[in-house]
2 protein chains.
Amino acid sequence: MARPSDTKTRIQAAARELFLAQGVRNTSLKQISDRLGITKPALYYHFASRDDLVRSILQPFMDELEAFVAGREPTDARRLLDDYFDLVWRHREVFMIILNDPATLAALDLVDRIWEWRRRLAALLLGPDPSAAARIRATVAFGGMSDCVVEHRALPFEEVKSVAVGAALAALAA
Amino acid sequence: MARPSDTKTRIQAAARELFLAQGVRNTSLKQISDRLGITKPALYYHFASRDDLVRSILQPFMDELEAFVAGREPTDARRLLDDYFDLVWRHREVFMIILNDPATLAALDLVDRIWEWRRRLAALLLGPDPSAAARIRATVAFGGMSDCVVEHRALPFEEVKSVAVGAALAALAA
DNA sequence: GTCTATAAACCGATAGAC
DNA sequence: GTCTATCGGTTTATAGAC
């Protein structure tokens with residue numbers, strides 16, 4: 001009844017857990033299949049390759065981030081930081097996976113997209129051609145908020161968000 | 001003339017370069033030996049194992065960070081952030097290697113030490129038993145500064161330091 | 001100190017039966 | 001959809017000659 005391949009979802013869930021716990025590159029297909037009680041070749045019925053499986057897990061976050069920096073005109077800083085925090089918090093599992101294995105992302109040719117996002121986020125916040133000092137403060141703001149999502153993920157969303165966004169705004173205005 | 005095993009140092013230099021460029025886990029001993037024009041087994045004369053080589057590269061930074069959080073009484077925030085920035089900037093190559101491959105560090109059982117350092121840094125800054133809000137602001141400050149070392153490493157040290165420390169102080173006081 | 005040769009294990013991926 | 005069996009490649013690490 002409308003669940004033709006529950007297995008595919010279970011593979012992604014197991015993979016996400018292992019990627020989060022021990023990194024993408026340090027996780028083998030055998031570890032994933034073992035956790036589900038199936039064999040390694042069975043994975044290949046659901047995914048064309050290992051990279052295909054990895055991508056399928058990262059894709060939703062990547063797509064939303066792409067839409068975030070694309071469909072948005074410059075607005076006030078608080079609104080931008082608020083919305084960015086929401087996005088990263090909502091995808092914090094995948095965000096941590098990316099943060100914990102950037103080398104793997106480079107192998108998937110995603111490193112350019114990430115740099116492009118950083119640049120466009122800064123442009124939304126600072127306008128075109130910002131000063132070096134402004135870019136440094138933006139790094140403290142975005143980087144500091146991102147670290148909060150990871151380090152304080154066990155605390156209530158609202159508390160972390162309001163304090164982190166407030167601190168980031170103060171850093172921007174320093 | 002007092003350089004009985006220059007090779008050992010050259011191995012570490014080649015390994016550090018490759019670790020920085022493509023991650024620890026994605027670098028094989030063969031790649032390292034190829035770059036030096038020697039063979040892979042030759043490495044084992046100088047290092048007991050691959051992990052031993054990796055550790056020898058990370059050790060100086062780890063030791064200095066250990067001393068930093070150990071031999072220091074609570075002082076004013078600016079001084080603490082200044083000295084922390086200096087330390088991370090001085091070891092920014094190794095710092096980036098760690099940042100770019102945390103999963104490998106976990107395999108080396110170094111993850112607990114890193115968490116312990118974070119806790120003690122926060123304690124030096126905030127005193128014992130700080131509020132959740134204070135800890136969140138400290139994360140923005142330390143995390144934001146750390147990201148600056150990585151992202152703006154091509155800019156002049158003095159400029160990055162003064163702006164980043166200023167922004168971190170503002171985040172703390174938000 | 002460095003070499004050749006090789007062991008032993010693991011990896012991603014495919015073939016083909018059921 | 002899942003299995004067994006296996007291929008081809010890579011890795012860390014060791015043995016032993018020089």
Side-chain angles (χ1 to χ4, degrees), chain A residues 1-59 97 100-101 103-110, chain B residues 1-59 97 100-101 103-110:
Chain A
M1 72 96 219
R3 188 101 33 87
S5 174
D6 184 44
T7 303
K8 183 164 183 169
T9 308
R10 298 203 316 133
I11 292 171
Q12 289 171 322
R16 178 154 45 233
E17 272 181 54
L18 288 168
F19 290 166
L20 188 61
Q22 58 187 24
V24 176
R25 184 61 155 76
N26 294 313
T27 300
S28 70
L29 295 181
K30 182 169 186 333
Q31 287 178 300
I32 296 170
S33 60
D34 279 356
R35 169 161 300 207
L36 296 174
I38 61 178
T39 60
K40 190 175 50 169
L43 302 179
Y44 282 88
Y45 176 84
H46 301 277
F47 298 95
S49 67
R50 183 183 190 276
D51 280 359
D52 188 47
L53 168 58
V54 174
R55 277 180 208 275
S56 80
I57 289 172
L58 307 183
Q59 202 95 48
I97 289 172
N100 276 311
D101 220 327
T104 297
L105 279 288
L108 289 175
D109 289 324
L110 298 174
Chain B
M1 59 81 201
R3 188 98 34 87
S5 174
D6 184 43
T7 303
K8 182 164 183 169
T9 307
R10 300 203 314 133
I11 292 171
Q12 289 170 322
R16 180 155 45 232
E17 271 182 53
L18 288 168
F19 290 166
L20 188 60
Q22 57 188 24
V24 177
R25 185 57 155 80
N26 294 315
T27 300
S28 69
L29 296 181
K30 182 170 187 337
Q31 287 178 300
I32 296 170
S33 59
D34 278 356
R35 168 161 302 209
L36 295 175
I38 60 177
T39 60
K40 193 175 45 169
L43 302 180
Y44 282 88
Y45 176 82
H46 301 278
F47 299 95
S49 67
R50 184 182 190 277
D51 281 1
D52 188 47
L53 168 59
V54 175
R55 278 180 208 274
S56 81
I57 289 173
L58 307 182
Q59 201 95 51
I97 289 172
N100 276 312
D101 221 328
T104 297
L105 278 289
L108 289 175
D109 290 325
L110 298 175

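To find a chain, count down the sequence lines: A is the first, B the second, and so on, and within it residues start at 1.
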Figure out the CG/C1' separation between A:Asp34 and C:dC11, and round it to whole Å. 14 Å
List in chain and number order the residues that pass salt bridge (charged side-chain N to carboxylate O under 4.0 Å, His left out) with A:Arg10, two or more places apart in sequence or in another chain; answer none if no residue qualifies. none
C:dT2 phosphate, OP1 or OP2, under 4.0 Å from B:Thr7 side-chain N/O: yes
To the nearest 0.5 Å, what is the distance between CD1 (B:Ile38) and CD1 (B:Ile11)? 4.5 Å
So which nucleotide from C:dC3, D:dC3, C:dC11 ends up closest to the side chain of B:Pro41? C:dC3
Report the C-alpha distance between A:Phe19 and A:Val54 in whole Å, list the side-chain angles of each, state the deciding distance to 0.1 Å, and finish with yes or no for side chain to side chain contact (heavy atoms under 4.5 Å, CB included). CA-CA 9 Å; A:Phe19 290 166; A:Val54 174; 3.9 Å; yes
Name every residue in residues 13-21 of chain B that has at least one heavy atom under 4.0 Å from any atom of DNA chain D, in order of residue number, or write none if there are no such residues. none
Find the distance B:Lys30:NZ to C:dC10:P and express it as a whole number of Å. 23 Å
Expected output is a numbered-order residue list: members of residues 43-56 of chain A with a heavy atom under 4.0 Å from any atom of DNA chain C. What is it? A:Tyr44, A:Ser49, A:Arg50
I'd like to know whether B:Arg50 forms a side chain to side chain contact (heavy atoms under 4.5 Å, CB included) with B:Val24, so could you lay out the CA-CA distance, the side-chain angles of the two residues, the decisive distance to 0.1 Å, and finally the verdict. CA-CA 10 Å; B:Arg50 184 182 190 277; B:Val24 177; 4.2 Å; yes
Which part of the nucleic acid does A:Thr39 contact within heavy-atom distance under 4.0 Å: base, sugar-phosphate only, or nothing? base
Rounded distance [0.5 Å steps], CG in B:Asn100 versus CZ in B:Arg25: 15.5 Å
For the pair made of NZ in A:Lys40 and P in C:dC11, what is the distance, rounded to whole Å? 7 Å
Using side chain to side chain contact (heavy atoms under 4.5 Å, CB included), reason through B:Gln59 and B:Ser56 one step at a time and then give a plain yes or no. CA-CA 5 Å; B:Gln59 201 95 51; B:Ser56 81; 5.8 Å; no
Whole-Å distance separating the CG atom of B:Leu36 from the P atom of C:dC3: 10 Å
Checking B:Asp51 side chain against B:Leu108 main chain: does a donor-acceptor pair fall under 3.5 Å? no
Rounded to the Å, how far apart are A:Asp6 CG and D:dT2 C1'? 15 Å
For the atom pair CG (A:Leu110) and CZ (A:Arg55), what is the distance rounded to the nearest 0.5 Å? 6.0 Å
Please evaluate residues B:Thr39 and B:Ser33 with respect to the criterion side chain to side chain contact (heavy atoms under 4.5 Å, CB included), reporting the C-alpha separation (whole Å), side-chain torsions for both, the decisive distance (0.1 Å), and the verdict. CA-CA 5 Å; B:Thr39 60; B:Ser33 59; 5.6 Å; no
